[in-house]
Amino acid sequence: MPAGGSTTRISPSGRRPGRSTGCRVGFAETCRALTGWRRAEQTAWLQDVSSAVLQQALRNLESAFSRFFKGTAKHPKRKTKRRSRDSATYVRTSFRWAEDPDHPGVGMITLAKQKAPLDVRWSRPLPNGEVPLKLTVTRDRAGRWFLAVLVEERIEPLPPVFLPGSGEPKAVGLDLGLAALVTLDDGTRVEHPRLLRKYAAELARLQRQLHRKKKGSQNREKARKKIAKLYALISDVRRDMLDQLTTRLVRENQVLVVEDLPITNLLRPAVGKGRQRKAKLNQAITDAAWGELLRRLRYKCAWYGRTLVIVDRFFPSTRRCSSCHTKGPRLGRVRTGVDLRGLRRGARP
């Protein structure tokens, strides 16, 4: 086993090789190969980038293949300009941090291979006395640059919330849906913003302009950036709405109960009749971002000392009495009014 971490098996075909054809390649081997690539004439352009960034990419490659061979993840996919975001990760030894004495938590960051510091507009200051451990610079499809800073911070749990006049913890049940994004057990509804429907006309207009442009032209690239900026606006509004909603739910309640939804199964494409209707349903589910809402609830409850109860999707909640917990018979279709089976077209009841 090479020094420097676990090993992975890489084959030219991209499949998991057998013992006779696979070769063990770890981070140490790829790092030594990187040194030769930087010195070679054909790949001398690698010297323009900091070696720490390239080594971090090799660590990510090793981690991805390790998870694949353990069976916990699928085969890694190559990065492409259309599917992947531009990103670079810098460890502590590949950047300089100079904190502003007048504004604690805010300072200047200078990356390796750069002389001038970055022009950063801080969204919030870093925790008092903490030093950045790792930086990740990313650029989205709209051309916006972001700087993610990794620091160590101890988050203090929030004080417990009890029902008025009793020592029982305050609990709330959440029902995720499409008519209302979230419905609480007391009947409170959080309306669905329906951002994709709100900007559907604008998106269609920009898409038509894009298809009228010549491929490879500057005008087509300008039209593509307009679409990317609109999608970025939709994502920002949705992310801000979900962040405020989940923070309010976590602060106001001690126990949160939510159903585990099979989102992947619900988004399966339809075949045959009803494909257009199913496509609209899939778009509404994607716009609701149930998975992102559950993800935020999970880590915020872990941060602030709340209890998150995930109810199994097969739990018979509609057949169980909330008072005595008696399980009733399986519900079927309930017909109200006249029996339509005995009626013919044009007949009256």
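Note that the structure is predicted; figures quoted are calculated from it, not measured.
Within 6.0 Å of CD in E168 there are 12 or fewer heavy atoms belonging to other residues, nucleotides or ligands. Crowding of D119 atom CG: a count of heavy atoms from other residues, nucleotides or ligands under 6.0 Å not exceeding 12. By the neighbour-count criterion of 12 heavy atoms within 6.0 Å, atom NZ of K213 is densely surrounded, having more than that number from other residues, nucleotides or ligands. More than 12 heavy-atom neighbours from other residues, nucleotides or ligands sit within 6.0 angstrom of NZ on K278. Within a 6.0 Å sphere centred on NZ of K113, heavy atoms belonging to other residues, nucleotides or ligands number more than 12. More than 12 heavy atoms of other residues, nucleotides or ligands lie within 6.0 Å of CZ in R205, so this atom counts as buried by the packing criterion. Around the CD atom of E152, the shell of radius 6.0 Å holds no more than 12 heavy atoms that belong to other residues, nucleotides or ligands. More than 12 non-hydrogen atoms from other residues, nucleotides or ligands lie less than 6.0 angstrom from CZ of R295.
Using a 4.5 Å heavy-atom cutoff, the side chains of N219 and Q209 are not in contact.
Judged purely by atom type and a 3.5 angstrom limit, Q254 has no side-chain atom pairing as donor or acceptor with the backbone of T307. Here the side chain of T136 pairs no donor or acceptor atom with the backbone of A148 at under 3.5 angstrom. Listed for the R224 side chain is no donor-acceptor partner under 3.5 Å among the backbone atoms of L210. Side chain of R96 to main chain of P117: no donor-acceptor pair is present (N/O by atom type, distance under 3.5 Å, no hydrogens or angles). Not a single donor-acceptor pair under 3.5 Å links the side chain of S63 to the backbone N or O of R59. Checked by atom type and distance alone, the side chain of T30 pairs as donor or acceptor with a backbone atom of G26 at under 3.5 Å. Counting only distance, with no hydrogens or angles, the side chain of Q47 and the backbone of R38 share a donor-acceptor pair below 3.5 Å. No side-chain donor-acceptor contact under 3.5 Å links D243 to the backbone of T246.
Cluster annotation: M108 and V149 are assigned to distinct hydrophobic clusters (Ile/Leu/Val/Met/Phe/Trp/Tyr, side-chain heavy-atom contacts under 4.5 Å, transitive). Grouping the Ile, Leu, Val, Met, Phe, Trp and Tyr side chains by contacts below 4.5 angstrom, directly or via other members, places V182 apart from V237. L256 and F162 fall into different hydrophobic clusters, where Ile, Leu, Val, Met, Phe, Trp and Tyr side chains are chained together by heavy-atom contacts under 4.5 Å. L111 and L126 fall within the same hydrophobic cluster, defined by Ile, Leu, Val, Met, Phe, Trp and Tyr side-chain heavy atoms under 4.5 Å apart, directly or through other members.
Nearest approach of K300 to T247, heavy atoms of both residues: NZ-OG1, 2.7 Å.
A cation-pi arrangement is present between R92 and F95, with the terminal nitrogen or guanidinium carbon under 6.0 Å from the aromatic centre and inside a 45° cone about the axis.
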Verdict with supporting geometry, V250 and R296, side-chain contact (heavy atoms from CB on, under 4.5 Å): CA-CA 10 Å; V250 170; R296 291 177 181 270; over 6 Å; no
Please determine whether side-chain contact (heavy atoms from CB on, under 4.5 Å) holds for the pair W37 and L54, giving the CA-CA distance in whole Å, both sets of side-chain angles, and the decisive distance to 0.1 Å. CA-CA 11 Å; W37 296 336; L54 302 177; over 6 Å; no
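Screening R141, R139, R144 for a salt bridge (charged side-chain N to carboxylate O under 4.0 Å, His left out) involving D86 leaves a single residue, R139.
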